[in-house]
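Residues: numbered from 1 along the sequence shown. First listed ligand is number 1; within each ligand, the first listed atom is number 1. Values in this document were obtained by computation on a predicted structure and should not be read as measured data.
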Amino acid sequence: MYTSIKTLAAAIALPLVAALPLSQRTEAVFDSTKPFTLHTEVVNGTGAFNGQYLSSFHVGAGQSTIVGSKNSSIAVGWTLSDSILQQPLAISGAPAGFAYNLSLLEQAPFRSNAPIGYDYVDLSASGKATTGFYFNNATLAWSASNSTTAPDSFDGCFALCHVNGTSPYFSLGSQYQLLWKMSNATSTSSNCADVKLIGANIAA
Ligand SMILES: *[C@@H]1O[C@H](CO)[C@@H](O)[C@H](O)[C@H]1NC(C)=O
Ligand SMILES: *[C@@H]1O[C@H](CO)[C@@H](O)[C@H](O)[C@H]1NC(C)=O
Ligand SMILES: *[C@@H]1O[C@H](CO)[C@@H](O)[C@H](O)[C@H]1NC(C)=O
Ligand SMILES: *[C@@H]1O[C@H](CO)[C@@H](O)[C@H](O)[C@H]1NC(C)=O
Ligand SMILES: *[C@@H]1O[C@H](CO)[C@@H](O)[C@H](O)[C@H]1NC(C)=O
Ligand SMILES: *[C@@H]1O[C@H](CO)[C@@H](O)[C@H](O)[C@H]1NC(C)=O
Ligand SMILES: *[C@@H]1O[C@H](CO)[C@@H](O)[C@H](O)[C@H]1NC(C)=O
């Protein structure tokens, strides 16, 4: 059987690294001033909602929403700028530094079976950017007192829901969609899990 040198080297190196005492491992410390991916960590719900990378799902010209994917290669590369989560984009003709902004809309996802009280997340060129985000180590956090643009009923809770499709591309079928949870939502739906969002820097 063919084993590449690379695979072999990795197989040898991994146990060695794992055997080092914690203090001698060079674990990268998360740096929110550098680009990062975000993935879910379930706070309340089943394991299927864990480790889903936030990925962009195109819904119209200059407009996307966020879905979960286990494939980190398609994860959005985020930056945090003035407490706004942004997806920097290189689009021909766009001004330098052009980015889509994350915006929480007080609006149910259209024609979705998401439970009541779980609202739409917009990533676009036109949305009113939601301010107030920061990090506690690698965990995304949000401060109401530092946010002038968040919906009143946002208290920092994100949820991942397994919905029956995402408008207008229902033909792609069901998806894990990132939604935000209204503070008065009273769901007991097994289709959703409250999640924390964990940052990991993108290797340069
Ligand atoms: C993950 O996404 C990349 C980039 O689109 C693709 O090349 C790769 O095949 C995907 N991996 C899996 C396991 O789907
Ligand atoms: C998803 O479910 C909702 C609520 O049951 C329904 O109104 C909608 O038509 C469904 N959408 C699709 C694409 O099946
Ligand atoms: C994103 O938000 C920033 C800060 O509010 C703003 O300057 C910029 O124009 C926004 N970008 C888009 C594409 O709307
Ligand atoms: C951040 O990480 C440090 C070192 O691991 C730990 O001592 C501290 O409690 C963490 N802070 C928070 C807010 O989790
Ligand atoms: C809130 O904003 C102030 C002023 O920009 C800043 O000093 C503080 O660290 C922010 N707090 C949080 C929790 O982000
Ligand atoms: C939750 O609050 C929103 C307004 O923020 C309101 O429209 C909605 O009816 C409330 N839902 C419940 C279940 O009280
Ligand atoms: C977890 O979710 C279940 C079902 O939605 C709910 O009954 C329970 O109160 C939640 N627990 C916590 C700690 O939020």
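- In this pair, Phe36 and Phe30 present their aromatic rings perpendicular. The plane angle is above 60°, beyond the 30 to 60° band.
- Counting atoms of ligand 1 from 1 in the listed order, those under 4.0 Å from a heavy atom of Ile74 are 2 (O), 4 (C), 5 (O).
- The side-chain heavy atoms of Thr130 and Leu102, taken from C-beta on, include no pair separated by under 4.5 Å.
- Using a 30° and 60° split on the angle between ring planes, Phe49 and Tyr176 fall in the perpendicular class, above 60°.
- At a 4.0 Å heavy-atom cut-off, the residues surrounding ligand 2 are Arg111, Ser112, Asn113, Asn164, Phe170, listed by chain and number.
- Side-chain contact, Thr131 with Ser83: no donor N or O sits under 3.5 Å from an acceptor N or O.
- Between the side chains of Asp31 and Thr33, a donor-acceptor pair is found at a separation under 3.5 Å.
- Residue-ligand proximity, Met182 to ligand 6, at heavy-atom distances under 4.0 Å covers atoms 3 (C), 5 (O).
- Proximity of Leu104 to Val121: side-chain heavy atoms (C-beta onward) are separated by under 4.5 Å at one or more points.
- A side-chain donor-acceptor contact under 3.5 Å links Asn71 and Ser73.
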